[in-house]
*Asks:* 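Have a look at the structure that comes next, please.
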Amino acid sequence: MKMIVRRALFLLMFVMLAAPLLRPLGLPLTVGSLTKGVYDMVEDLPTGSRVNMALTMTVGLWAEVEPATMAVLRHLFTKPVKIIIVSYFADAPKLIEGTLTKVADAAKASNKRYGEDFVNLGFVPGLETGMAAFTKDSAATTPSDIYGTPVAQLPAMSGVRSAKDFALVIVIRDSPMDPYIRQYVTTYGAKLVTVGVAAGLTADMPYYKAGQILGIVAGVRGGAEYELLMKSPGPGVATTDALSLGFVLLVVLAGSSNVMYAWERMKSRSGKGSQK
Amino acid sequence: MMSADLVGMYVAVALTLMLWSYLYKETILYRFAEYTFIGMASGHLFVITMLQIRNSVLVPLVSKGEYLLAIPLILGVLLYTRYSPKTEWISRWPVAIMVGVGTGLVMRAMVHAQFVAQIISSITINDPINDTVIAVLTACALAFFLFTREQKGIFGGFTRLGRIAIMVGLGASFGVAATTRLTLCISRIQFLIESIQKMLGA
């Protein structure tokens, strides 16, 4: 019986998630201050400044972060800035390469060219050790980009020596922010915002309150908010209806299971009382 | 004739359904998909690591004469001595260097980043209501972990409040973790819908 109920719940969840994807409900969505913080930081970037997009992402959780990453990249392409992408996880270079292909239309529309306006430096191993090396001497740590082109031949990299040369660091991550806070913010005073999985939000909040993180785009909801700020609804907005309905079901299930638990407990207590 | 993209889509759809068969019960299809994923992930990591060693160490060492790079290369090779009981002790040297470097890099910024800045932030009042609540609940949550004094009376009240604060924090963490899992599920459903539409269109 329990197994049947469990399977029925899986099916119910599938229906709740799939229905709004087939027929969007258009539930209202408001933009929070965390997402607005990231948007404002990108919006206020001075002409000619350099932005470091640093990734600690694995393929398993990329689906949650990609809509927001696409929105941020589209926003960056509208600004007169250089984007330097570096990955501290082995999966990340290919993931961001795929995303760059998806936003190629935005790059083309703004006349942004690979090598001149944005570069993908690929994977830097060692996580925090690699991060410390990259922030200290970027060119020495990554002598060439992901395609093997020496950084000396990449105009976007000219003048980049250390983390001090970045006007903004945008961290795309599914892992804790601690290494970035230590190596980028505390050591070099970098301005840092993050695009991450929603599960990391509670861990990021102390850093946000302390001013070490200046903005957070959390999960697909954050991505949807960023798309609204950009006035171009995309994959983030498309999935928020399904997410909302999924949560309604989760709340109903959590509530009803607690009521059932309390009922069972009460029954067993009254049973013991009558035995006495 | 089918394009490589279309074949890839069919394979991805099949693997997704194989993995979801676990929701019914653990099947051989689920296991096949799981092992395929683990194998591919391991293979990808192996190739990336080998390319990194070739590009960052071997090429500069051999073609550019950067002989200092031989030191980390040798230390890396020494890590594998741990597989023999007789030579296991040698692997402790590279491990000691890695731990030393890692600890040094973390410690140089950790005290300010994760202690001083957080304490200052906790006691600084910008938003009177929120910041006071955060400061009080932080103190109460820390008090909960003081086991050298019996938790009763006024102190017991503080620790109970701290316990509630911890439970609220864990609840929030659970909520956002659920968001992540639901999003991943939605992304797969979206992929299946789009793929089926393409298949029917084709």
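Here is how names work: the chains are called A, B, and so on, in the same order as the sequence lines, proteins then strands, and each is numbered from 1.
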*Asks:* Taking NZ, NE, NH1 and NH2 as the nitrogens, is one of them in A:E97 or A:K94 under 4.0 Å from a carboxylate oxygen of the other?
*Replies:*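 A:K94 and A:E97: salt-bridged.
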*Asks:* For B:I28, look at atom CD1 and say whether over 12 heavy atoms of other residues, nucleotides or ligands are found less than 6.0 Å away.
*Replies:*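 Counting neighbours around CD1 of B:I28, 12 or fewer heavy atoms of other residues, nucleotides or ligands fall under 6.0 Å, so no.
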*Asks:* Under 4.0 Å between a Lys/Arg side-chain N and an Asp/Glu carboxylate O for B:K152 and B:E150?
*Replies:*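 B:E150 and B:K152: salt-bridged.
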*Asks:* So which bits of residues 236-250 of chain A come within less than 4.5 Å of chain B, counting non-hydrogen atoms only?
*Replies:*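 Expected list: A:A238, A:T239, A:A242, A:L243, A:G246, A:F247, A:L250.
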*Asks:* Within a radius of less than 6.0 Å around OH of B:Y22, do more than 12 heavy atoms belonging to other residues, nucleotides or ligands occur?
*Replies:*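 At most 12 heavy atoms, drawn from other residues, nucleotides or ligands, come within 6.0 Å of this atom.
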*Asks:* Is any NZ, NE, NH1 or NH2 atom of the basic residue among B:K198 and B:E194 found under 4.0 Å from an Asp or Glu carboxylate oxygen of the other?
*Replies:*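 Between B:E194 and B:K198 there is no salt bridge, as every charged N stays at least 4.0 Å from the carboxylate O atoms.
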*Asks:* Can you list everything that forms a side-chain contact (heavy atoms from CB on, under 4.5 Å) with B:F145? Sequence neighbours excluded, please.
*Replies:*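 So B:F145 forms a side-chain contact (heavy atoms from CB on, under 4.5 Å) with B:F147, B:I166.
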*Asks:* Only heavy atoms, only distances under 4.5 angstrom. Which residues in residues 120-133 of chain A are near chain B?
*Replies:*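 Contacts with chain B: A:F123, A:P125, A:E128, A:T129, A:A132.
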*Asks:* Take atom CZ of B:R82 as the centre, draw a 6.0 Å sphere, and report whether it contains more than 12 heavy atoms from other residues, nucleotides or ligands.
*Replies:*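 No, not enclosed.
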*Asks:* Counting a contact as any heavy-atom pair under 4.5 Å apart, which residues of residues 190-198 of chain A contact chain B?
*Replies:*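 When heavy atoms of chain B are the reference, residues 190-198 of chain A contributes A:V197, A:A198 within the under-4.5 Å range.
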*Asks:* Specify which of B:L105, B:V101, B:I134, B:I48 makes the most heavy-atom pairs with chain A at under 4.5 Å.
*Replies:*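 Top option by heavy-atom pairs under 4.5 Å: B:L105.
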*Asks:* For A:L22, look at atom CG and say whether over 12 heavy atoms of other residues, nucleotides or ligands are found less than 6.0 Å away.
*Replies:*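 More than 12 within 6.0 Å, yes.
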*Asks:* Side chain from CB out, backbone as N, CA, C, O: work out which of these in B:Q190 comes under 4.5 Å of a heavy atom of chain A, or both, or neither.
*Replies:*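 For B:Q190, backbone and side chain are both near chain A.
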*Asks:* Using a cut-off of 6.0 Å, state whether more than 12 heavy atoms not belonging to B:R160 lie near its atom CZ.
*Replies:*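 Atom CZ in B:R160 is not packed in, count stays at 12 or less.
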*Asks:* Which one, B:D131, B:I120, B:N55, leads in non-hydrogen pairs under 4.5 Å with chain A?
*Replies:*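 Option with the greatest count: B:D131.
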*Asks:* Under 6.0 Å from the CZ atom of B:F37, do we count more than 12 heavy atoms belonging to anything else shown?
*Replies:*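 Atom CZ in B:F37 is not crowded, with 12 or fewer foreign heavy atoms closer than 6.0 Å.
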*Asks:* Name the region of A:E64, side chain, backbone, both or neither, that has any atom closer than 4.5 Å to a heavy atom of chain B.
*Replies:*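 The answer is both parts of A:E64.
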